[in-house]
Amino acid sequence: MDTYLDMLQDSLKKKLEILSKIMECQKQESDMLKGESMDMEAFDKSINEKVALAESLDSLDDGFEKVYDRIREEMINNKGSYANQIRAMQNMIGEISEKNVLIQAEENRIRLEVDNFAKRESAALRQRRDNGRAARSYYNNMKKLNYVGSQFMDKKK
């Protein structure tokens, strides 16, 4: 029984580590979005890393549930014997819940920052396109104004 409880605690510790790594990735993404220019490859790499971490969280959750289902009745029937381990796991689960809430809130902020970044980039692209169009129009109009057609000059007087 102690082995199973140790497995559950190890699983929770790994989950806390993974959640911390996800929070680090979010911090990097947020910093990238706040900068003047953004490295899209680094941003994509960070997102892919978060996806891989989320997948490993899912596999940890599945393993945790399987082990917990196996020992659940024993834990419930002998709460007193495993009180310290149960309390430690409850504390870790509380930390995991807090981190999950923080991660969700940060993901929402990042989503808004990405939307704002896309709007800024779109506006800058539109501005460059409009400036190019205005410059071409000005150049074409000035070419027409300065054009002097051929003239015949009579030198007799």
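- Using a 4.5 Å cut-off between side-chain heavy atoms of Ile, Leu, Val, Met, Phe, Trp and Tyr, with links allowed through other members, Ile86 and Ile76 fall into different hydrophobic clusters.
- Within 6.0 Å of OH in Tyr4 there are 12 or fewer heavy atoms belonging to other residues, nucleotides or ligands.
- A single hydrophobic cluster is not seen to contain both Leu16 and Val101; linkage of ILVMFWY side chains at heavy-atom distances under 4.5 Å, directly or through other members, places them apart.
- Closest approach of Ala54 to Ile22, counting heavy atoms only: N-CD1, 4.4 Å.
- Atom-to-atom distance recorded for Phe117:CZ and Phe43:CZ is 8.5 Å, nearest 0.5 angstrom.
- No continuous path of ILVMFWY side-chain contacts below 4.5 Å connects Leu102 to Leu112, so the two sit in separate hydrophobic clusters.
- Pairing each heavy atom of Leu60 with each of Ile18, the nearest pair is CD1-CD1, 3.6 Å.
- Atom-to-atom distance recorded for Ile93:CD1 and Lys15:NZ is 8.5 Å, nearest 0.5 angstrom.
- In this structure a side-chain-to-backbone donor-acceptor pair under 3.5 Å is present from Ser59 to Ser56.
- Put simply, CE on Met23 and NZ on Lys99 are 6.0 Å apart, with the number rounded to the nearest 0.5 Å.
- The side-chain heavy atoms of Leu5 and Met75, taken from C-beta on, include a pair separated by under 4.5 Å.
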Show me, pair by pair, the donor-acceptor contacts under 3.5 angstrom made by side chains of residues 124-131, not counting sequence neighbours?
unit_1, atom_1, unit_2, atom_2, d
Arg126, NH2, Ser122, OG, 3.3
Gln127, NE2, Asn131, OD1, 3.1
Asp130, OD1, Arg133, NH1, 3.4
Asn131, ND2, Gln127, O, 3.4

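- Between Arg111 and Asn108, the closest side-chain pair of non-hydrogen atoms falls below 4.5 Å.
- In this structure, a donor-acceptor pair under 3.5 Å is absent between the side chains of Asn77 and Glu73.
- In this structure, Arg109 pairs ionically with Glu106, as a charged nitrogen and a carboxylate oxygen lie closer than 4.0 Å.
- Going from atom CE of Met7 over to atom OG1 of Thr3 covers 8.5 Å, rounded to the nearest 0.5 Å.
- Shown here are the side chain to side chain contact (heavy atoms under 4.5 Å, CB included) partners of Asn100, two or more places apart in sequence or in another chain: Leu19, Ile96.
- Just one of Lys27, Glu29, Gln26, Glu24 meets the side chain to side chain donor-acceptor pair (under 3.5 Å) condition when paired with Ser46; it is Glu29.
- With rounding to the nearest 0.5 angstrom, the CD atom of Glu95 is 9.0 Å from the OG atom of Ser20.
- In this view, Ala42 and Met32, Asp39 satisfy the side chain to side chain contact (heavy atoms under 4.5 Å, CB included) rule, not counting sequence neighbours.
- Atoms CG and CZ, from Asp115 and Arg120 in turn, are 11.0 Å apart once rounded to the nearest 0.5 Å.
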